[in-house]
Amino acid sequence: MASLAALTSGSALPAAIDASIRKGAVDGPPLPTKELNVHVPAAPITLDNGGAYTLTVYGGPSMSFSVHAKPGRLLGTA
């Protein structure tokens, strides 16, 4: 477990997150839980980071994805 002194050195986190981390470090688990927003849009989302691949994420009841190599890329080279 991290010491409280290590947690007090200039945190750039929002106050609520910082307080939750400090509470977990002092009191130990379990930390309070928060319901996550699990809404995923139904339309496909394409993620392109400029690399050799394009990732497409499909929402819905069971999320899936596909990865496609971009045309003209030499994928076997370093």
Side-chain angles (χ1 to χ4, degrees):
M1 175 169 27
S3 70
L4 190 54
L7 296 173
T8 59
S9 58
S11 176
L13 296 172
I17 295 173
D18 187 55
S20 177
I21 292 172
R22 289 174 189 273
K23 179 173 175 32
V26 173
D27 298 339
L31 296 174
T33 58
K34 178 169 177 52
E35 185 176 341
L36 298 175
N37 178 4
V38 294
H39 172 73
V40 177
I45 300 170
T46 301
L47 306 171
D48 182 0
N49 68 352
Y53 296 94
T54 300
L55 175 70
T56 303
V57 180
Y58 303 93
S62 75
M63 196 162 85
S64 62
F65 66 93
S66 63
V67 179
H68 302 281
K70 291 182 183 172
R73 297 290 180 135
L74 297 175
L75 302 179
T77 61

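The chain is numbered in sequence order, starting from 1. Note that the structure is a prediction, hence the values are computed from the model and not measured.
Scanning for side-chain contact (heavy atoms from CB on, under 4.5 Å) contacts around Ser64 gives Tyr58, with sequence neighbours left out. Listed by chain and residue number, Ile45, Leu55, Val57 satisfy the side-chain contact (heavy atoms from CB on, under 4.5 Å) test with Leu47 (two or more places apart in sequence, or in another chain).
Pairs engaging residues 46-65 under the salt bridge (Lys or Arg N to Asp or Glu O under 4.0 Å) rule: Asp48-Lys70 [sequence neighbours left out].
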